Amino acid sequence: MASTQVTIAGIHFPSCVFNASGPRDVTLPELREIGASGSGAIVMKSCTPEPRDGNEEPRYADLPLGSINSMGLPNLGYTQYCEFPKDLAEYGKPVIASLAGMQPSDFPVLVEAFQKSDVDLIEVNLSCPNVKGKPQIGYDFEASDAILSLLDGLGDKPLGVKLPPYFDFVHFESMAAVLKKHKIAFITCVNSIGNALVIDAETERPVIRPKGGFGGLGGQYLKPTALANVRKFHELLGDRVQIIGVGGVYTGTDAFEFVLAGADAVQVGTAFMQEGLGCFARIDQELQAILDRKGYASAADAKGKLKAL
Ligand code: ERO
């Protein structure tokens, strides 16, 4: 059987298929369930300095080809997520912290705390689309650079950045130039497409309430954009930055496409919401079967092997 094990920033993952930071990884019981599942890692919900209830309901909706959400960063506050890795150690898989500051000065506080914790990797979310009045930092290259400058030298745990989707080659190049200035071990690409609007023609209303219905679009709608982002950043950053692909991974074929584009691993968001914990083992097995059929010994062997047409 082909191997789907992977090493990211020197940390071993039993599978390259694992959960995306999202609505089902907020509490310790939810994280324990992910630990006991086939997920190759435990990614925790993006956290802030203080606990947050998030936005008003309804704030998540399934769609024919994916999902829309405006959760608004509900989380228990970072001190809880610094403690959870001790409780999650028994599952023998990497624990990834995800953090999102409400202002630039929050980021070093959160990173420093996680550097002292038992988490294995730290994902800095520069792309939350749903906090009222706050822009997605990743679309402001100077602001992103300034925040990453505050994080340089804060510790030895591998640091990654969760990026928003980009749609223009100039923007890929601008963000790649920022990333090259800092010690970034991995990028997670991409977050949901921000500020989409889904309307129910029957009710003549949006399907979620916060922000007049504007929210982050995930699932199949996102996959071609996500693949393009993985591919472009792989071309621009080469082997110096590893890539975790996310956006519309429902099947082993989806995961294989991300690997061909240049991903080392994939995260599962909407499919996890819709199918539940069984999705990880299923996608992993489907990926193994495709790798076997195509003669790849491992997912790592297929990384970046997209052929020209
Ligand atoms: O609303 C959220 O909590 C949220 N939703 C997303 O689609 N992406 C995020 O990064 C995020 C919060 C950080």
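In what follows, every heavy atom counts, from backbone to side chain, and hydrogens, waters and symmetry copies are set aside. Order of appearance sets the numbers: ligands from 1, and atoms from 1 within every ligand. All of these numbers come straight from a predicted model, not from anything done at the bench.
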Q.
Classify the ring geometry of His171 against Phe141: parallel below 30°, tilted from 30° to 60°, perpendicular beyond 60°.
A. tilted
**Q.** Interfacing atoms of ligand 1 (cut-off 4.0 Å, heavy-atom, Met71)
**A.** 1 (O), 2 (C), 3 (O)
Q. Heavy-atom distance under 4.5 Å between the side chains of Tyr296 and Lys305, does that happen here?
A. yes
(Q) What I want to find out is whether Glu275 reaches Arg282 closely enough, with some N-O distance under 4.0 Å, to be called a salt bridge. (A) yes
Q) Rounded to the nearest 0.5 Å, what separation is found between the CG atom of Leu126 and the CG atom of Leu148? A) 5.5 Å
Q. In the protein, which heavy atom is nearest to atom 8 (N) of ligand 1, and how far is it?
A. Asn191 OD1, 2.8 Å
Q: Return the option from Asn55, Asn69, Ile68 holding the heavy atom at the smallest distance from atom 5 (N) of ligand 1.
A: Asn69
Q | Element-labelled atoms of ligand 1 that are located less than 4.0 Å from some non-hydrogen atom of Pro129 | A | 6 (C), 8 (N), 9 (C)
Q | For Leu73, atoms of ligand 1 separated by under 4.0 Å from a heavy atom | A | 1 (O), 2 (C), 3 (O), 12 (C), 13 (C)
Q) Is the closest N or O pair between Pro74 and ligand 1 shorter than 3.5 Å? A) no
Q) With atoms numbered from 1 as shown, which atoms in ligand 1 lie under 4.0 angstrom from a non-hydrogen atom of Gly72? A) 1 (O), 2 (C), 3 (O)
Q | Geometric class of the Phe280/Phe272 ring pair [parallel <30°, tilted 30-60°, perpendicular >60°] | A | tilted
Q. Tell me, which protein residue and heavy-atom name are nearest atom 4 (C) of ligand 1, and how many Å apart are they?
A. Asn130 ND2, 3.7 Å
